[in-house]
Amino acid sequence: MENTTFNYTYSAARNKEVESIRRKYLPQEESKLERLKKLDRRVQMAGTIESLCFGIVGALVFGVGMCFFLDVFAGAAWLSALFMIIGSLIMIPAYPIYRRIARKTKAALTPEILRLSEEMMNSTRNED
């Protein structure tokens, strides 16, 4: 006689894990809200890296000047003044660079952000 039984095991936790792994490899569609958040983050972070680079490099050069001043490196006093002035001149434009890049990015992305937010607000009004 032939065995005709059917065995089935179900594990919700296992299926949930399999589904989460599967979701990672499916093509992702970006929703309007995700797109809006991404654009907003770009506007908020615009110019940050550039201004940080200027500020950090300027602070490091200024620090080398301080080392010369404190005789950590055996050098002349004129070297300390030179490095401190150059470091200051590098640090000074950091904030204006940030503001300029932030303004340009905001101006470039504002129409897209307003369009997306208007679409989302209209679709919520239509649902009500």
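Numbers here are sequence positions counted from 1.
Taken together through direct or relayed side-chain contacts under 4.5 Å among Ile, Leu, Val, Met, Phe, Trp and Tyr, Leu60 and Phe69 form parts of separate hydrophobic clusters. Following chains of ILVMFWY side-chain contacts shorter than 4.5 Å, one cannot reach Met84 starting from Leu82, and the two form parts of different hydrophobic clusters. Note on Leu33: it does not cluster hydrophobically with Leu114, by side-chain heavy-atom contacts below 4.5 Å among ILVMFWY residues. Cluster annotation: Leu26 is not connected to Val18 through the hydrophobic network of ILVMFWY side chains, with a link wherever side-chain heavy atoms come within less than 4.5 Å.
Here CZ of Arg22 is found 12.0 Å from CG of Asn15. Values are rounded to the nearest 0.5 Å. Once rounded to the nearest 0.5 Å, the distance linking CD1 of Ile21 with CZ of Arg23 reads 10.5 Å. Atom CD of Glu34 and atom CG of Leu116 lie 12.0 Å apart (nearest 0.5 Å). Remark: Phe68 CZ to Ser80 OG distance equals 8.5 Å, nearest 0.5 Å.
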Can you list, pair by pair, the side-chain donor-acceptor contacts under 3.5 Å of residues 38-51, counting residues two or more places apart and other chains?
unit_1 : atom_1 : unit_2 : atom_2 : d
Lys38  : NZ     : Glu30  : OE2    : 3.3
Thr48  : OG1    : Met45  : O      : 3.0
Ser51  : OG     : Gly47  : O      : 3.0
Ser51  : OG     : Thr48  : O      : 3.0

Could you list the donor-acceptor pairs under 3.5 angstrom formed between side-chain atoms of residues 90-109 and any protein atom two or more places apart in sequence or on another chain?
unit_1 : atom_1 : unit_2 : atom_2 : d
Thr105 : OG1    : Ile101 : O      : 2.8

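Lys16 meets the side-chain hydrogen bond (donor to acceptor under 3.5 Å, both in side chains) test with no other residue; sequence neighbours excluded. With sequence neighbours left out, Glu112 forms a side-chain hydrogen bond (donor to acceptor under 3.5 Å, both in side chains) with Arg115. By the ring pair (Phe, Tyr, Trp, His ring centres under 6.0 Å) test, Phe54 pairs with no residue at all, sequence neighbours left out. For the side-chain hydrogen bond (donor to acceptor under 3.5 Å, both in side chains) test, residues two or more places apart in sequence or in another chain that qualify with Lys32 are Glu119.
Glu17 places no side-chain N or O within donor-acceptor distance of the main-chain N or O of Arg14, the cut-off being under 3.5 Å.
Residues Phe62 and Phe83 keep their aromatic ring centres 6.0 Å or farther apart.
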